[in-house]
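Lettering follows sequence order; numbering is per chain, from 1.
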There are 2 protein chains.
Amino acid sequence: MSSETPEAGKGPVRKRTAGDGVARQPGMTDVARLAGVSAQTVSRTLAGHPNVQPKTRAKVLAAVEQLGYRKNNAARMLSSGRSRTIGVVTLQTNFYSRTNLTFGIETAAREAGYAVSTATTASLDTAAIEQAMSRLAEQGVEGVVLSVPLVHVSPRIEQLTRSVPTVTVDGSRTPATEVVAVDQTLAARLATRHLIELGHESVWHVAGPKEWLDAASRCAGWRDTLQAAGLDVPPVLEGDWTPASGYRNGLILGKIPDVTAVFVASDEMAFGVIRALHELGRRVPEDISVVGVDDIALAEYCSPSLTTVAQPFTEMGALAVAHLLRHIEDPDAAHEPACVEPALIVRASTAPVGGRARPRP
Amino acid sequence: MSSETPEAGKGPVRKRTAGDGVARQPGMTDVARLAGVSAQTVSRTLAGHPNVQPKTRAKVLAAVEQLGYRKNNAARMLSSGRSRTIGVVTLQTNFYSRTNLTFGIETAAREAGYAVSTATTASLDTAAIEQAMSRLAEQGVEGVVLSVPLVHVSPRIEQLTRSVPTVTVDGSRTPATEVVAVDQTLAARLATRHLIELGHESVWHVAGPKEWLDAASRCAGWRDTLQAAGLDVPPVLEGDWTPASGYRNGLILGKIPDVTAVFVASDEMAFGVIRALHELGRRVPEDISVVGVDDIALAEYCSPSLTTVAQPFTEMGALAVAHLLRHIEDPDAAHEPACVEPALIVRASTAPVGGRARPRP
DNA sequence: CGCCGAAATGGCATCGATAACATCGCAGGG
DNA sequence: CCCTGCGATGTTATCGATGCCATTTCGGCG
C-alpha cells in the first residue's frame, strides 16, 4: 500500500502558493487514498448516497476526520453546476427592516440547505444595483432575493432577473419576478383609521423618501383612508428615515395649531417627531397623537411608548425564500404575488382627540 | 473558419440541465470563438494584463458585451487558488454594533477588491461557531473576521484559525489570531469618570451578559474606576442587551434610594432603564443620571437625550479588514493587536448630583 | 541583411469534485 | 449450472478559467 511515495515528483509543475512548508488542504483524492477507496466513493459517501456499504462509509468518514478534510465548494459547483446558494441584494444600511429581513432569509435558507450570499449596494441607483446583481451572478447563485425599494427597473436588471430566478421584496415587480411584500397600504390604513377612530379630524403624515416604494405605498394608503372618511388631506412632509429628519419635521408640525395626529412612516422618524414636539411644549399624546411603523425594539420603552404598525419581517424573509426555492425547482411555476399583513400595536402615544391619555400600560 | 459546426456531436455526454432549449451561460471559450482569439487571451484581457494589443482587447470586450458573458467565480477560484473573498462570522442579531461593524467590513473589503461572505450563527456555543467557520472554509475564503464575543476558544476553532488567517474583533485572542478591538475598558472608564466628576458618590452598573467579552471589559473598567476613586463598588445588575432587560433592572434601581447614577452597558438597555425610572417617578437626570454605550441613532432623539459612549464601529471594521489583508499577503507578519478608542458624548441624561439639569441642547 | 529579444498570443495541463458509464461480485430463477 | 439483475465500486470525461511554456510576430540594431 505504501508502494508509492507521495513525494515522488509527479508533475513538473507546482501550483501551490509560493510559501512552501505549509501543507496544502487535503482533497478528496487524499481522503480516498487514505481510506483505500476511489474518490468517487468518497464523493458518494459524503453526499449521503444510499448505495455505500456501512463498512466503507465508516472507513471514509474516519479518513475525513483524520485529515480534517473540508469539501471545496468551488470545485463542487463547477462540476455539478449547482451552488446551493441564493443571493440577497440589499441596501447597505442598518435600517431595522433590512436587518430583520435578512435575518429571516438566512434562517429559512439555511433550513432548506442553502447558503446565502449578500451583496450590498450603497445607493439605490440602477447601476449600483446592477453591479450587485452581477456580483451575485458571478458567484453562481441559483436565485436572488431583491430587497431593494426599486422604483425604476432598468432593462439590464430585467434581463438579469430573466436569467436568474428572482423574488422582489418590497420592490416593484418585473415580468420575470415573483413578489413578496408587506401590504404597506394596509399598514397606513390601520394607522390612519386608528387615529380617525380616536376622533381626530385630520391626520398629518411624515413620509419616507419618495423614491422608496414602501414610503409611496404608505403615503397612498394614508391619503386614501382620509379621503374615504371624507376628511381633508393635509400636505405631506417628507423625511429620509432618520430620527434627525423626523425631528426637523416635528419642529414644523409643532408650530401648526391644527395638528392633533401624525402618522409617521417609521419609528425612528417618529422618535424625532416626538422629541421635537416635546421641545415645543406639545404633549404626546394629550395634545398630539403619533403613530409609527416598524415596531422596533425601543418602541415599547420610550416615553410615551409608541403606537406603531408591526411588520412581520422575519416571516416575510422566510416566505421570500420559500417562493424562491419553489421557483428554482420549477422554473415554469406561476408567479403568484404573496402578501403578508402588518398589525397595529396600540401603545401610549395615541389618545382620543383633546382627551386625556389612557393610563400607561 | 466555419469549418467545424459547433453542433458536431462532440462528446457522447451532455451535462447541462435537463430542460433543453435554454441557452447555457456563455463561457470564455464562447467569447474567444466569437472574438477570434484563444481563451487565454480572453482571460488576459479580462484580468487587465498589460500585454494585450488594444485592438485585440477591443474585440474581446465587444464579444463579452455581445454575449453577456459573466465570469465564473467558481472556476476562477478552482484554477487560481484565490477567491478574493473574506469571511465574516457574526451573531445572528440586529444589534447596532454588529450591523455597523459588518457595514464597515464590507465597505473596506470592497474597496480592496475583496468580496465578503457572511456566516451567521444563532448561538454563541462553540459548535455553532465551528460550523460557521467551516462553512466559510468550504467557500474558500482567504481570511476570516471573527466578530463574535468568544470567551472560550475550543481547540477545534483554534485549529481553524491556524489554517485560515483570522482577525478577532471584540473577541478573545488565540495564538494564531490578530485582534482588533474597541477599548471597552476605556469606554467604561470614560462613562464612570464622567459621572464621578459630576459629583456622584457611587455609580451603579447594568451590565451585559457575562459571557460577552465586551460586557465583561466594561464591567471591569467600571469597577476599576470606582476603586481608583476610592468609592464603593455597588453590586452589578445584569441584563441581556434588550430594552426589556434594561427595564427590569431599572425597576430595581428605582427602588433603591442611594442610586443617583447608573452606567448602562448599552443604549438599548439604557432606554429601558430610563423608562422604568420614569414610571417610578424618578426623574432623569435630576434624580438619577444615566449613561449608555453605543451612540445609536436614537440616543440623540429621546427625552432626555442620552449621554453615551460612541464606538467607532465602521472604522473598526475597516481596521479589521486592513489587518486581515496584510496578514493574508504576508502570513509571517507579526500580530500586533490594534485598538480604537471610544468617545464620550455628553447629552442630557446626566447632571450634577442633586443638581438641576443643564439646559437641554 | 539577418538576428535578437520583447511583445503578443496560443496550447496544454491542471485545480477538485461529480455525472455518466464501466466493471465486478454475488444472489436467485430457469 | 448458466444467465440475468442489482448492489457496490472504479474509471473517465468534464465543468470554466488560469498558470506555465511554446510559439509567433515584429521592431530595432549591429
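- Within the 4.5 Å cutoff, the side chain of V60(B) has heavy atoms near those of the V64(B) side chain.
- Computed from coordinates, the M77(B) CE to dG16(C) C1' distance equals 10 Å when rounded to whole Å.
- Rounded to a whole Å, the CZ atom of R76(A) is 16 Å from the C1' atom of dC15(C).
- With dA8(D), dA17(D), dA8(C) as the candidates, the nucleotide lying closest to the side chain of Y69(B) is dA17(D).
- One can place CZ of R57(A) at 15 Å from P of dG7(D), the figure rounded to the nearest angstrom.
- Between A39(A) and L46(B), the residue anchored nearer the 5' end of DNA chain D, judged by the nucleotide with its closest heavy atom, is A39(A).
- Donor-acceptor pairing under 3.5 Å is recorded for the side chains of R110(B) and T120(A).
- Between dG10(C) and S38(B), a contact under 4.0 Å exists linking OP1 or OP2 to a side-chain N or O.
- The phosphate of dG16(C) has neither OP1 nor OP2 within less than 4.0 Å of any side-chain N or O from T29(A).
- The distance from atom CZ of R33(A) to atom P of dG16(C) is 12 Å, rounded to the nearest whole Å.
- With 3.5 Å as the limit, one finds no donor-acceptor pair spanning the side chains of E178(B) and H327(B).
- For the pair N73(A) CG and dC15(C) P, the computed distance is 19 Å after rounding to whole Å.
- Out of dG16(D), dA17(D), dT9(D), the shortest distance to the side chain of V52(A) is found at dT9(D).
- Rounded to an integer number of Å, the gap from E138(A) CD to dT18(D) P is 11 Å.
- Atom-to-atom, CE of M28(B) to P of dT14(C) comes out at 20 Å; the value is rounded to the nearest Å.
- The side chain of N72(A) contributes no N or O atom lying less than 4.0 Å from OP1 or OP2 of dA17(C).
- Under 4.0 angstrom from either OP1 or OP2 of dT9(D) there lies no side-chain N or O belonging to T41(A).
- Residue V42(A) is classed as having no contact, given no heavy-atom separation below 4.0 Å to the nucleic acid.
- Distance NZ (K55(B)) to C1' (dA7(C)): 15 Å, rounded to an integer number of Å.
- Under 4.0 angstrom from either OP1 or OP2 of dT11(D) there lies no side-chain N or O belonging to Q40(A).
- One N or O donor and one acceptor, one from the side chain of R44(B) and one from the base of dG10(C), sit under 3.5 Å apart.
- Looking only at atom types and distance, the side chain of T99(B) has no donor-acceptor partner in the side chain of T102(B) under 3.5 Å away.
- Between the side chains of S154(A) and E130(A), a donor-acceptor pair is found at a separation under 3.5 Å.
- Within the nucleic acid shown, V37(B) comes within 4.0 Å of sugar-phosphate atoms alone, with no base atom in reach, counting heavy atoms only.
- Nucleotides of DNA chain C nearest to N51(B) and A75(B) differ in position, and the one nearer the 5' end is that of N51(B).
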